[in-house]
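These notes concern the structure reproduced below.
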Amino acid sequence: MQGAGADAVLLGSTTSLAYFTRLVWHQSERLVGALVTTDSLTYIAPSMKTVTSSMPCCKAEGVRQQRFV
């Protein structure tokens, strides 16, 4: 990201989301994804589809902070 001059990357329900976070979610009318910065990972999902900390995606290595919104 730094090489491209980006402070953050927004990943939607794509193979990139699965690759970088291990969260596999199929596209729908609601936004589900992740906001990735150099030191944090914020999951974005409707409250009815909130990700739980027991899911594999919540164990991202090298990420200091993860949160759900």
Side-chain angles (χ1 to χ4, degrees):
M1 288 187 315
Q2 291 173 345
D7 294 325
V9 175
L10 177 62
L11 303 172
S13 301
T14 63
T15 54
S16 294
L17 179 68
Y19 179 81
F20 288 108
T21 69
R22 291 184 275 164
L23 175 63
V24 177
W25 215 287
H26 300 284
Q27 292 183 348
S28 71
E29 68 280 359
R30 295 179 179 90
L31 174 65
V32 174
L35 181 65
V36 181
T37 66
T38 56
D39 62 352
S40 69
L41 175 60
T42 303
Y43 292 99
I44 302 165
S47 60
M48 60 188 254
K49 294 185 179 185
T50 301
V51 180
T52 64
S53 59
S54 64
M55 294 180 74
C57 66
C58 301
K59 298 172 177 49
E61 297 176 21
V63 176
R64 291 185 221 148
Q65 177 186 1
Q66 298 184 60
R67 42 183 216 140
F68 302 91
V69 294

If I take atom [atom1] from residue [X] and atom [atom2] from residue [Y], how far apart are they, to the nearest 0.5 angstrom?
X: Leu10; Y: Thr37; atom1: CG; atom2: OG1; answer: 12.0 Å
X: Leu11; Y: Trp25; atom1: CG; atom2: CH2; answer: 15.0 Å
X: Thr14; Y: Tyr19; atom1: OG1; atom2: OH; answer: 13.0 Å

Check whether Met1 and Leu17 end up in the same hydrophobic cluster, where Ile, Leu, Val, Met, Phe, Trp and Tyr are linked by side-chain heavy atoms less than 4.5 Å apart. yes
Is the closest side-chain heavy-atom distance between Tyr43 and Leu23 below 4.5 Å? yes
Indicate yes or no for a side-chain donor-acceptor contact from Ser13 to the backbone of Val32 under 3.5 Å, with no hydrogens or angles considered. yes
